[in-house]
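Order of the sequence lines fixes the chain letters, A, B, ..., with proteins taken first and strands second; residue numbering starts at 1 for each chain.
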Amino acid sequence: MRVLAIDDSRTIRDMVRLTLEREGIETTLAEDGLHGIEVLDGLEKRPDAILTDLNMPRLDGFGFIERIRKQEKYSGIPILVLTTENARELKLRARAAGATGWIVKPFDPARLVGALRTVTGLT
Amino acid sequence: MDPMDAIRVTFFEECAELLESLEAGLLALHAGTQDADTVDAVFRAVHSIKGGAGAFGLKPLVAFSHEFETALDALRSGRLAPDAAAVSVFLRAGDQLGDLIETCRNGDTPTVPDTADLMGLLAGTDDAAVSSDPAVDFAPVMLDLDVAPLFDDAFTDMPEATGVPDNRTWIVTFEPLPDLLISGNEPLFLFRALEVLGRIEVEALLEGLPPLGNMDPQVLGLRWMIRLIPSAPDLTETEIEAIFEFALDLCVLDICLAPAPTIALTSAPVTHQSVTPPMEGLRQQPDEPGLDSLPDTEPCSPRPPDAPATPLPKPPPMTTIRVDLERVDRLVNLVGELVISQSMLAQGMIRAGLDQHSEAVTNLDDLQQLTRDMQDSVMSIRAQPVKSLFQRMTRIVREAAQSTGKDVRLETDGEGTEIDKTVVERLGDPLTHMIRNAIDHGLEDPKARTAAGKQPTGVVRLSARQQSDRVVIEVSDDGRGVDRDRVLERAIARGLVPAGKILDAGEIDRLLFLPGFSTSETVSSLSGRGVGMDVVQRAIRDLNGTIAITSTEGLGCAISISLPLTLAILDGMIVRSNCQRMVIPLSAIIETQTISAARIERLGSRQTVVQLHDHFVPMVDLAQGMGFPSALRSRSDGSADCDAADDDDTALLFVQSDDSGPFAIRVDAIEAQRQVVIKGLGEDFGHVPCVSAATILGDGHVALIVDPAGIAATSGLQTKRPTPALFPESSLQ
Amino acid sequence: MNQTATIAPSVAAAGPVDPLEDRSELLTFRCGGQRYAVDIMSVREIRSWSQPTPLPHAPPFMRGMVNLRGSVLPVMDLAHRLGSPPTDDDPRNVIIVIQDRARVHGLLVEAVSDIVHPRMDQLQDVPQVGDGDDNAMADRLFVVDDVMIQVLLIARILPPIGTQFAGTMT
């Protein structure tokens with residue numbers, strides 16, 4: 001499985017990478033929404049899933065998801081939102097933008113990996 | 001290192017950066033900036049700290065940053081005005097946050113700082129009611145993932161899974177709403193995930209399918225019925241529902257136990273409708289009925305949804321990579337080696353008698369230029385803007401202003417000036433001290449300022465600029481200037497200056513740098529911490545820097561520090577003494593004289609003094625001062641021609657040391673003035689007296705870098721002299 | 001310039017096939033007229049002689065520092081360290097670069113002799129003389145061709161970190 005993870009916090013990026021790579025998931029990182037799009041466009045193979053933070057500089061998670069969902073070449077990629085707030089309003093906005101699901105930070109590694117497996121249908 | 005430990009290190013590094021941007025943002029708000037980006041950045045800094053802190057279970061940090069964030073959110077949403085009062089509460093909270101992080105980093109048990117002020121800010125806003133225990137909506141535990149409860153109640157009318165003893169078949173009816181596919185949820189994958197729970201039989205129910213012409217490729221017109229024969233007998237409805245966690249609001253899901261006995265269906269293959277790519281223009285409406293009809297199971301704060309962020313045109317981001325400092329240092333070292341190898345090559349070519357205009361020599365010149373450029377580039381990797389350092393000083397100013405009751409404004413200039421990372425790190429303490437000093441001793445209180453016809457608010461200026469291959473950092477104030485009468489009086493009282501001695505203004509000002517000199521009669525809580533400006537001077541010297549003071553009575557005082565751009569390279573004088581080549585740091589040298597021009601006198605049988613301007617100062621032979629036996633073996637490889645000291649070459653270097661006055665070092669010859677690459681003597685060497693480091697010369701030989709203060713100490717010059725007030729700027733720079 | 005000698009496996013090493021863990025691998029050398037050995041694992045390289053730059057206020061056995069590919073390598077006169085007279089400057093001398101954990105030191109010796117693989121049972125503990133010296137620098141010895149070779153403990157040869165110059169200031 002290949003995952004693109006976007007978060008402006010280096011700490012969270014490192015933790016996501018550690019968590020995923022321990023499970024053999026190939027992980028690419030980006031630092032904000034715009035960077036995420038750049039990285040995504042530069043990838044040879046599109047990732048099986050995307051994890052994104054919501055509150056980020058330059059282009060936030062909502063904006064990122066909206067842009068990705070507009071592009072045909074990225075259709076159907078599951079996008080899980082990593083959010084600190086377990087707040088309904090944020091989830092609704094994320095859903096409206098086209099998010100596939102949510103993971104609340106701090107995340108449980110097993111649940112994160114489990115959620116990725118569910119939405120990608122991959123092991 | 002355990003990967004988590006490494007991430008912990010990263011977290012605290014990141015915290016330091018976030019604190020910086022927090023402070024920068026708050027200061028901008030303080031200065032009247034109102035733009036949303038600044039507020040966002042401030043909010044995000046605290047938010048990120050909270051996020052990371054949660055990951056490490058640092059509960060007090062999570063709790064405090066949560067309160068902080070709540071207050072900042074009020075600011076962000078416009079419910080709270082960024083007035084001066086609010087911003088100073090935030091600035092204080094920022095300081096508290098910094099302290100809290102420091103405590104956590106040290107592994108100490110922190111307590112949550114008082115948040116009454118922060119909460120006070122919210123008192124007048126709608127948030128007052130909902131500002132809550134962070135545990136309610138933010139639980140700092142690793143397992144908080146459960147988003148399902150949000151949508152739980154939508155399905156409460158479903159049959160309860162009552163204790164069923166045997167592996168009874170579950171029937172799951174799954175009808176996707178139009179947005180399921182767009183959201184990236186894929187029915188096939190959901191079914192696969194169900195397979196983890198047991199054997200499944202999937203049947204597509206086609207009766208709802210619209211006529212082909214009306215089919216929307218984005219929308220699944222299908223319903224599925226899945227029979228699930230669980231592998232574990234105690235499978236519950238909740239476990240099944242959890243599979244559909246992310247799809248709960250995008251489907252109609254029905255989960256119930258099949259009436260026993262089950263009639264086995266003819267196993268139907270998964271009818272998976274192929275999904276064509278989404279089409280442009282198909283947009284989701286945020287106010288989809290499916291979403292709106294969702295029951296509200298959480299107390300929802302009345303905050304309005306934020307406007308979608310409109311990305312402002314900004315310069316493209318700089319791409320950066322993080323590199324282990326060790327690797328950079330290795331590169332710096334290697335380039336240093338390259339420089340040395342190249343000068344060895346150059347020397348070899350000269351010895352080989354190559355014509356100055358030959359192609360080889362010309363090419364070598366090109367190579368030399370390239371090497372220099374390369375060295376500059378490599379050095380710039382280690383360079384860091386002084387901005388972070390300057391930002392730290394804003395807090396020092398705030399604290400000092402508060403404790404002295406003076407109004408102080410800090411002005412900074414040249415924050416982008418870059419200098420070696422280590423220098424930046426080691427400048428923190430000296431700068432802190434200089435700024436405290438300026439506020440404590442330099443600035444008058446508002447009343448005295450007004451009386452003197454000045455603005456009641458005092459100004460401390462912190463500036464940095466590059467001057468050729470050095471960086472000059474200056475701390476100045478518009479206070480009363482050095483009180484020279486008092487300084488002189490005190491110096492005389494301390495026996496630092498003989499009574500009746502006439503000193504000019506500059507000499508008096510430089511008395512401040514003498515060890516043990518304390519300018520304040522009453523030890524104030526600020527600068528009276530047992531350190532004087534002599535400690536500052538020593539710290540600067542350790543960085544191969546120089547320090548100078550200028551003061552104008554009634555108008556203020558400026559102390560400027562001149563530092564090398566890097567610690568890896570030293571400007572040195574290569575000298576020879578008793579067949580040994582050694583390097584004396586240029587920053588220590590005040591003046592040089594040839595022996596023939598010097599006036600040398602003997603004092604008693606052992607001591608020799610030499611005249612420097614109108615004083616006599618002690619003279620020490622370098623090799624003797626270093627403790628080398630007088631008849632050293634000459635080099636067996638003959639690489640250094642070591643004739644008996646030729647009097648014509650003998651020279652005196654006047655150096656300044658901290659603990660003694662100036663003194664002269666006698667050397668057999670001055671060979672060259674050049675930059676050398678500093679090679680630290682590892683801890684293997686222990687403390688070597690009189691030596692600060694080593695270097696490798698052009699011929700590959702190791703040469704010692706002399707520590708003049710050490711020579712003064714081992715030669716017994718450390719007694720305080722009555723004529724110490726000679727602090728001329730190095731005449732060589 | 002200095003050259004790094006490569007250590008060729010010794011003919012003496014060849015013999016009946018023994019499990020390697022029963023044998024230690026030692027570098028033997030001459031120094032102060034005697035024969036010594038150190039564990040080959042602690043030897044980083046062997047360098048030809050170059051004149052060390054003396055250090056001020058150093059113990060007499062510290063000969064100074066040489067340039068080891070851009071780093072500064074402390075060099076001690078091993079013979080002098082072991083109580084023999086100082087080794088004369090001689091271009092035929094060699095410097096054995098040894099490493100003990102993070103510490104890298106040069107040992108000035110007269111010549112490197114061989115690499116030997118004595119069996120564990122050929123190694124004999126150094127007999128205790130008098131009330132025993134815990135700080136003895138050799139802990140084992142063995143005999144090859146009727147010559148006694150002392151096996152030095154690197155950790156004991158190196159002066160304790162940071163203290164080697166203490167008390168030597170004049």
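Arg69(A) contributes a side-chain N or O that, together with a main-chain N or O of Ser183(B), makes up a donor-acceptor pair within less than 3.5 Å.
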Residue pair Thr11(A), Phe56(B): steps toward the side-chain contact (heavy atoms from CB on, under 4.5 Å) verdict:
CA-CA 10 Å; Thr11(A) 310; Phe56(B) 289 99; 3.6 Å; yes

Evaluation steps, side-chain contact (heavy atoms from CB on, under 4.5 Å), between Arg192(B) and Thr118(A)
CA-CA 8 Å; Arg192(B) 265 190 210 162; Thr118(A) 301; over 6 Å; no

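Proximity to chain A is absent for every atom of Glu195(B), based on heavy atoms less than 4.5 angstrom apart. Looking at Arg17(A), there are no atoms closer than 4.5 Å to chain B (heavy atoms on both sides), in backbone or side chain. Residue contact with chain A, scored on non-hydrogen atoms closer than 4.5 Å, involves the side chain of Glu17(B) exclusively. If you measure heavy-atom distances from Asp8(A) to chain B, the contacts under 4.5 Å come from both the backbone and the side chain. Of the two parts of Ala247(B), only the backbone, made up of N, CA, C and O, holds a non-hydrogen atom closer than 4.5 Å to a non-hydrogen atom of chain A. Only the side chain of Leu18(A) comes within contact range of chain B, judged by heavy atoms closer than 4.5 Å. Proximity to chain A (any heavy atom under 4.5 Å) is restricted, for Phe43(B), to the side chain, taken from C-beta onward.
Heavy-atom minimum distance, Thr100(A) versus Phe246(B): O-CB, 2.9 Å. In plain terms, the two heavy atoms of Glu14(B) and Ser9(A) that are nearest each other are OE2-CA, 2.9 Å. Of all the heavy atoms in Pro57(A) and Arg44(B), the pair that sits closest is CB-NH2, 3.2 Å. In terms of heavy atoms, Val119(A) sits closest to Asn185(B) at CG1-OD1, 4.3 Å.
Rounded to the nearest 0.5 Å, atoms CD1 (Ile12(A)) and OG (Ser48(B)) are 8.0 Å apart. To the nearest 0.5 angstrom, Thr10(B) atom OG1 is 10.5 Å from Met15(A) atom CE. One finds the CD atom of Glu69(B) at 8.0 Å from the CG atom of Asn55(A) (value rounded to the nearest 0.5 Å).
Looking only at heavy-atom pairs under 4.5 Å with chain B, the residue among Ile77(A), Thr120(A), Leu80(A), Leu122(A) that has the most is Thr120(A).
Side chains of Pro78(A) and Glu186(B) form no contact here, defined as non-hydrogen atoms less than 4.5 Å apart.
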